[in-house]
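Working notes, structure below.
When a residue number appears, it is its place in the shown sequence, counting from 1. Remember, it's 1-based here, ligands and their atoms both numbered in the order they're listed.
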Amino acid sequence: MRDKVLIRDLAKYVGQEVNLEGWLYNKRSSGKIKFLILRDGTGLLQCVVFKGNVTEEEFEAADKMGQESSFRIWGSVKEEPRAPGGYELDVKGLEVINFTHDYPITPKEHGIEFLIDHRHLWVRSKKQNAILRIRHRIVKAIRDFFDSRGFTLFDTPIITPTSVEGTSTLFETDYFDLGKAYLTQSGQLYAEAGALALGKVYTFGPTFRAEKSKTRRHLTEFWMVEPEMAFYDLNDDMDLAEEFIEYIVQTVLKERAEELKILERDVSKLENVKRPFPRISYDEAVEILKKHGSDFVYGDDFGGADETIISDQFDRPVMVHRYPAKVKAFYMKRDPENPDLALAVDMLAPEGYGEIIGGSQREDDYNTLVKRLEEHNLPREPFEWYLDLRRYGSVPHSGFGLGLERTVAWICGLEHVRETIPFPRMIYRNTP
Ligand code: 4AD
Ligand code: MG
């Protein structure tokens, strides 16, 4: 009996006979030999079919299989430094499951629109495999980080009665007899209830923005992880954010080196991502922009180009804190030293990847929060439960949100966030 094995585990099977299953990535022939490149989702393996070692039918099947045909194959594992992955299969037999011809994505270059139209197939390619494996490892690092530091997972709803991050980017839906409901922009307000119940919590799930922005950093559906901590001020929040990002990046460097190589990522840029990260105020960031000839107007929020100028000054992520309150959300606490400023922080990734984290200390005073709702023209009634968090046992608390796709794009060194999620949703695309 031969074991059914994965390409990733072949090192353990050198000299043994094994079974494998997968798809034809590529093939070449030379006379009586066929080289089938098998892909099984964990790697690539060169399978060498000698005419004399298999039946005539099997040899013919190997000949007829087109790219992405699915098949079972068996034989003995050999070390072969010149083969992709370093191993080779000396084939004893094979069985085709599905003969495929005219697979639309060939090894030649295709345009991005064609590839995105075929996203359901494009995810099979080597680079896309590498990106999705890195995404998975980042998700695991995120969970490990919080789980090992006393945080409790606190799942928050997707269907909500109110906005969190402003009303202009809400997806709306009819909700039975209750009128309108909205797809959540952030689980934060609910996470705050969690923090007052459990101390330290995180929520991690899909969030939605009906963004009009058609940029390489925006999706309409993206994943966000949001920790929320009771008794944390803005400094504690920044300490946690930098420890978190260092952990994610260093873990991926260690655990997904091969995938980063497939993506030709310059890992020296990631190796720098070690604490402490620089921390500058909004005012200092504006100074940097002025020094670089920008016509930025004090009081505005930074655009993508501004963020790039600021982050280009540093070799690791930079945290910009204390923004003008009027460009930030209603729930942020004001700086006691200057009430025009919010106790907010954005973390900007290096190499022009822009804001990956947005966070703040929250307003914890009941009367002030009521005033903020009014200033932001938000209705009182749907926020009554949120105000309860200030009526009953209010404490200083803080949190932040990390955008998963922007983080994957940065770590993988990708041009656009559309390749960081299996099926991207953007203003001009909701298929496949
Ligand atoms: O800065 P944002 O809007 O912050 C919040 O939603 C807070 N409630 C988080 C909190 O304090 N708990 O979003 C947080 C992060 C951004 O820094 C960015 O990485 C990502 O979410 N993000 C997007 N990613 C992809 N596409 C979009 N349209 C995004 N909008 C935000
Ligand atoms: Mg933000």
Side-chain angles (χ1 to χ4, degrees), residues 135 138 142 146 151 154 156 160 162-171 183-195 200-229 232 234 236-238 240-241 244-245 248 282 301-304 306-307 311 317-321 323-324 327-333 342-349 353-363 386 397-411 414 416-421 424-427 429:
R135 177 185 169 105
I138 292 173
I142 288 170
F146 292 121
F151 284 73
F154 190 79
T156 54
T160 60
T162 51
S163 86
V164 185
E165 293 299 319
T167 48
S168 63
T169 63
L170 283 173
F171 279 109
L183 299 185
T184 190
Q185 300 161 309
S186 153
Q188 179 200 317
L189 305 190
Y190 294 98
E192 289 182 51
K200 294 194 282 184
V201 297
Y202 69 102
T203 175
F204 192 6
T207 47
F208 304 86
R209 304 277 167 103
E211 298 271 1
K212 300 288 182 303
S213 16
K214 195 173 156 182
T215 80
R216 60 195 192 89
R217 295 171 183 173
H218 287 90
L219 295 168
T220 53
E221 175 178 330
F222 65 99
W223 282 63
M224 177 154 55
V225 58
E226 297 176 90
E228 189 73 30
M229 298 74 64
Y232 267 50
L234 182 66
D236 300 326
D237 206 29
M238 292 196 274
L240 185 74
F244 180 49
I245 295 302
I248 293 174
Y282 173 91
D301 204 355
F302 301 127
D306 305 316
E307 288 176 355
S311 65
V318 53
M319 291 190 275
V320 183
H321 55 81
Y323 283 70
V327 300
K328 290 292 183 186
F330 77 93
Y331 53 74
M332 292 185 182
K333 194 175 179 63
L343 292 175
V345 59
D346 280 0
M347 188 189 290
L348 311 181
Y353 282 93
E355 179 198 330
I356 50 169
I357 280 181
S360 68
Q361 185 167 340
R362 319 307 188 187
E363 181 51 68
Y386 186 64
H397 62 288
S398 301
F400 61 81
L402 171 80
L404 177 62
E405 288 73 19
R406 289 190 190 173
T407 307
V408 176
W410 163 47
I411 292 179
L414 306 175
H416 197 296
V417 290
R418 67 192 157 205
E419 287 180 54
T420 63
I421 184 165
R425 295 290 174 255
M426 294 165 281
I427 42 175
R429 174 177 293 276

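- The closest donor-acceptor contact from the side chain of Arg406 to the backbone of Glu355 lies under 3.5 Å.
- The pair Lys328-Asp346 meets the salt-bridge criterion, since a charged nitrogen lies less than 4.0 angstrom from a carboxylate oxygen.
- Looking at Thr407 and Ile142, their side chains never come closer than 4.5 Å, going by heavy atoms from C-beta outward.
- If you check each of Glu226, Glu355, Arg425 against atom 1 (O) of ligand 1, the one with the closest non-hydrogen atom is Glu355.
- In terms of protein heavy-atom proximity, atom 14 (C) of ligand 1 is closest to Met224 SD, 3.4 Å.
- Of all atoms in ligand 1, listed by their number and element, those nearer than 4.0 Å to a heavy atom of Tyr331 are 7 (C), 8 (N).
- Not a single donor-acceptor pair under 3.5 Å links the side chain of Arg217 to the backbone N or O of Val417.
- A side-chain donor-acceptor contact under 3.5 Å links Thr184 to the backbone of Ser186.
- The backbone N or O of Lys333 sits nowhere less than 3.5 Å from a side-chain atom of Gln361 that would complete a donor-acceptor pair.
- The contact set between ligand 1 and Gly359, taken as ligand atoms under 4.0 Å from a residue heavy atom, comprises 11 (O).
- The shortest N/O to N/O separation between Phe222 and ligand 1 does not fall below 3.5 Å.
- Among the atoms of Asp346, no N, O or S atom falls under 2.8 Å of the Mg ion (ligand 2).
- Which of Arg209, Glu192, Gln361, Glu165 comes nearest to atom 13 (O) of ligand 1 through a heavy atom is settled by distance: it is Arg209.
- Below 3.5 Å of separation, one finds no N or O of Val164 facing any N or O of ligand 1.
- Distances below 4.0 Å separate heavy atoms of Gln188 from the following atoms of ligand 1: 7 (C), 8 (N), 10 (C), 11 (O), 12 (N).
- Every atom of ligand 1 is numbered from 1 in the order shown, and the set under 4.0 Å from a heavy atom of Arg217 is 25 (C), 26 (N).
- Per-residue contacts place Ile357 under 4.0 angstrom from the following atoms of ligand 1 (heavy atoms of the residue considered): 17 (O).
- Nearest N/O/S atom of Glu355 relative to the Mg ion (ligand 2): this is OE2.
- Using a 4.5 Å heavy-atom cutoff, the side chains of Pro227 and Phe244 are not in contact.
- Residues Tyr202 and Val225 form a side-chain contact, since some pair of their non-hydrogen atoms from C-beta on lies under 4.5 Å apart.
- Under the 30°/60° scheme for interplanar angles, the aromatic rings of Trp223 and Phe204 are found to stand perpendicular.
- A donor and an acceptor atom, one from each side chain of Arg362 and Ser360, are located under 3.5 Å apart.
- For Glu228, no nitrogen or oxygen atom sits less than 3.5 Å from a nitrogen or oxygen atom of ligand 1, counting backbone and side chain alike.
- Residue-to-ligand polar distances place Ile356 within reach of ligand 1: an N/O pair is separated by less than 3.5 Å.
- Remark: Thr156 pairs with Thr203 by the side chain to side chain donor-acceptor pair (under 3.5 Å) rule, at least two apart or across chains.
- If you number the atoms of ligand 1 from 1 as listed, the ones under 4.0 Å from a heavy atom of Glu211 come out as 28 (N).
- Looking at Gln185 next to ligand 1, no N or O pair under 3.5 Å apart turns up.
- Between the side chain of Tyr190 and the main chain of Phe154, no donor-acceptor pair closer than 3.5 Å is present.
- Among Thr184, Asp346, Leu219, the residue whose heavy atom sits closest to atom 27 (C) of ligand 1 is Leu219.
- Below 3.5 Å of separation, one finds an N or O of Arg362 facing an N or O of ligand 1.
- Interface atoms of ligand 1 facing Gly358, defined by a heavy-atom separation under 4.0 Å, are 1 (O), 9 (C), 10 (C), 11 (O), 17 (O).
- Defined by atom type and a distance below 3.5 Å, a donor-acceptor pair is missing between the side-chain atoms of Glu192 and Tyr331.
- If you check which protein heavy atom lies closest to atom 18 (C) of ligand 1, you get Arg406 NH1, 3.5 Å.
- Near Ser186, with a cut-off below 4.0 Å to any heavy atom, the atoms of ligand 1 are 6 (O), 8 (N).
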